[in-house]
2 protein chains.
Amino acid sequence: MTARTPDSARDIPEATVARLPVYLRALTGLAEDGTTTCSSEELAATAGVNSAKLRKDLSYLGSYGTRGVGYDVEYLRYQIAREIGVTQDWPVVIVGIGNLGHALANYSGFRSRGFRVVALLDADPSRHDEVVAGLDVRSFEDLESIVAEHDVSIGVIATPAVAAHAVAERMVAAGITSILNFAPTVLSVPDGVDVRKVDLSIELQILAYHEQRKAVSPGSEDVS
Amino acid sequence: MTARTPDSARDIPEATVARLPVYLRALTGLAEDGTTTCSSEELAATAGVNSAKLRKDLSYLGSYGTRGVGYDVEYLRYQIAREIGVTQDWPVVIVGIGNLGHALANYSGFRSRGFRVVALLDADPSRHDEVVAGLDVRSFEDLESIVAEHDVSIGVIATPAVAAHAVAERMVAAGITSILNFAPTVLSVPDGVDVRKVDLSIELQILAYHEQRKAVSPGSEDVS
DNA sequence: CGCTGTGAATACTTTCACAGCT
DNA sequence: AGCTGTGAAAGTATTCACAGCG
């Protein structure tokens, strides 16, 4: 009621935000193995980071551990899920039902992590017969009504590059404020709209860069 | 021949390396539009970064611009491609030919950017009849011989999470030193092996985090 | 004169190391 | 005694702002 610090500590660094989902998954794994308590060391190992970083990251959320003991797996899992916002579930639309769109529609990891695909849209009428992952592929023209009906704020673009920008603009106009873009294009969107991109070939190129370096200097600096 | 600084300046910051492919794509786009010269400002806008960052990034590669003029699109494109290592082409194997593996195998962006998928492998024998993207799906048992035959150093894992770690170990044993992992698991690999991961649900969770924040404080701090 | 290339300043991230709680 | 939570230090990355070349 006093306007500041609405209900959780604000201002979590972006680098930390990007790791919270990793911790969440690690905790889910531990819980499935029947682990009820873990130290920062154990959780860090499971998540693939070092323990100092993990503790610093968690410190931005609050003090959810017990000194001398560690963290309660289930409790911490819930706190992180709440912080990320995946205790509620988020309706999502996917636009572009080619190979990648198919894969995304069928990806069970969305459903299990707080996301529900409410519609699959494609501009190509020849795809509108298809049923993918239990949903029928609908016309892109239906975007606005679907967004309004399900109160969608997250959209996924899996179209070819040329179509991506037009799709993004129409998503924004329809009220979507977060976009996950798989098309290899830079999207420019108004302030207040978040875009994250996943570019398969960029990841390979980064690997190629390092791979190339390995070939040049295998042992680095132990040469006389 | 003097052992130090083999032929290009070493030690490009990781953040810069991750943006080089973006610049490369931007330059390819400009070249296709018939642009032969561009300023850092123009290229930065096309790539979606600011111009100071772009210039700083390029400065790690060398001085490929002309003061008062800008960059020659084709020349800079080649220099970046060479730096990344995509002037040669890289043979790649994909393991796990489910929905995602299909999408990856068919992704034209690999071929056009210096990568050539030489084999598709799957542990499930019922998939071994299939032909995907012009390649037939082969047994995972063939990994070693394929890696040896094509001198493969980059592998892509698109299996379910449970299988990923075993696949990675076997890839490493077979001689692969760079792995792109789409399975939602932390892989631990020996030093000298690079792993990059793409996790679809993590990206959505990061969007959800910000989306949740928007809902709480729409206008941020302009409230009396 | 304009635009690149780059030191210097700032901002962000990671790591260290230990005080302080259980 | 042991492990969390955190200031302070070290390491990276980004941005500024301008000297210097074409």
Side-chain angles (χ1 to χ4, degrees), chain A residues 5 8-23 26-27 30 35-77 79-80 83 186 202 206 209-210, chain B residues 8-23 26-27 30 35-77 79-80 83 186 206 209-210:
Chain A
T5 326
S8 53
R10 270 152 313 130
D11 218 58
I12 297 180
E14 200 46 43
T16 296
V17 171
R19 283 186 294 266
L20 292 179
V22 179
Y23 302 153
L27 287 163
L30 289 173
T35 309
T36 58
T37 300
C38 68
S39 66
S40 64
E41 204 69 58
E42 293 171 82
L43 179 54
T46 312
V49 302
N50 73 43
S51 62
K53 194 190 279 180
L54 172 80
R55 288 200 304 279
K56 177 67 91 176
D57 283 342
L58 295 183
S59 77
Y60 294 113
L61 314 192
S63 283
Y64 296 133
T66 309
R67 288 166 200 240
V69 179
Y71 302 93
D72 180 275
V73 170
E74 194 46 50
Y75 179 62
L76 183 58
R77 201 199 56 73
Q79 293 301 338
I80 294 178
E83 192 69 40
V186 175
I202 282 180
I206 296 169
Y209 170 83
H210 293 294
Chain B
S8 52
R10 271 154 313 129
D11 218 58
I12 298 180
E14 200 46 42
T16 296
V17 171
R19 283 186 295 264
L20 292 179
V22 179
Y23 302 153
L27 286 163
L30 289 172
T35 309
T36 57
T37 299
C38 68
S39 66
S40 65
E41 203 70 58
E42 293 170 82
L43 179 54
T46 311
V49 303
N50 72 44
S51 63
K53 195 189 279 180
L54 171 80
R55 288 201 305 277
K56 178 66 93 173
D57 283 342
L58 295 183
S59 77
Y60 294 114
L61 313 193
S63 282
Y64 296 134
T66 308
R67 290 167 200 241
V69 179
Y71 302 93
D72 180 274
V73 170
E74 194 47 47
Y75 179 62
L76 183 58
R77 200 197 59 71
Q79 293 300 339
I80 294 178
E83 192 69 41
V186 175
I206 296 169
Y209 170 84
H210 294 293

TODO: Send over the distance from A:Lys56 NZ to C:dC12 P, rounded to a whole Å.
DONE: 15 Å

Open item on the list: Is the phosphate of C:dT4 approached by B:Ser40 (side-chain N or O, under 4.0 Å from OP1 or OP2)?
Closed with: yes

Open item on the list: With a 3.5 Å cut-off and heavy atoms only, can you find an N or O donor on one side and an acceptor on the other between the side chain of A:Arg67 and the base of C:dT22?
Closed with: no

TODO: Please report the closest heavy-atom contact between B:Ala18 and A:Ile202, naming both atoms and the distance.
DONE: O-CG2, 4.2 Å

Open item on the list: Quick check: closest heavy atoms across A:Tyr71 and A:Arg55, and the distance to 0.1 Å?
Closed with: OH-CG, 3.9 Å

Task: Between C:dG20 (C1') and A:Arg55 (CZ): distance, integer Å - done: 13 Å

Task: Euclidean distance, atom CD of residue B:Glu14 to atom C1' of D:dT14 [Å, nearest integer] - done: 16 Å

Open item on the list: Rounding to an integer number of Å, can you tell me how far A:Asp57 CG sits from D:dT4 P?
Closed with: 14 Å

Task: Side chains of B:Glu14 and A:Ile206 in contact at under 4.5 Å (non-hydrogen atoms) - done: yes

Open item on the list: Is the phosphate of C:dG5 approached by B:Tyr71 (side-chain N or O, under 4.0 Å from OP1 or OP2)?
Closed with: yes

TODO: Could you tell me the separation between the CD atom of A:Glu41 and the P atom of C:dC16, rounded to a whole number of Å?
DONE: 12 Å

Task: Contact under 4.0 Å: A:Asn50 side-chain N or O vs C:dT14 OP1/OP2 - done: no

TODO: Please determine, for the side chain of B:Thr66, which listed nucleotide (D:dG22, C:dT14, C:dC18) has the closest atom?
DONE: D:dG22

Task: Distance, rounded to the nearest Å, where B:Leu61 contributes CG and C:dT6 contributes C1' - done: 14 Å

Open item on the list: Less than 4.5 Å apart, side chain to side chain, heavy atoms only: is that true for A:Leu20 and A:Leu61?
Closed with: yes

- [ ] Check whether any side-chain N or O of A:Arg19 sits under 4.0 Å from OP1 or OP2 of C:dT14, and answer yes or no.
- [x] yes

TODO: Round to the nearest Å and state the distance from A:Leu76 atom CG to D:dC3 atom P.
DONE: 17 Å

Open item on the list: Quick check for you: among D:dA13, C:dG5, C:dC16, whose closest atom lies nearest to any side-chain atom of B:Ser59?
Closed with: C:dG5

Task: Integer-rounded Å distance: C:dC12 C1' and B:Lys53 NZ - done: 12 Å

Task: Side chain to side chain, A:Leu27 and A:Val73, heavy atoms closer than 4.5 Å - done: yes

Task: 5' precedence on DNA chain C between A:Pro13 and A:Val69 (nearest-nucleotide basis) - done: A:Pro13

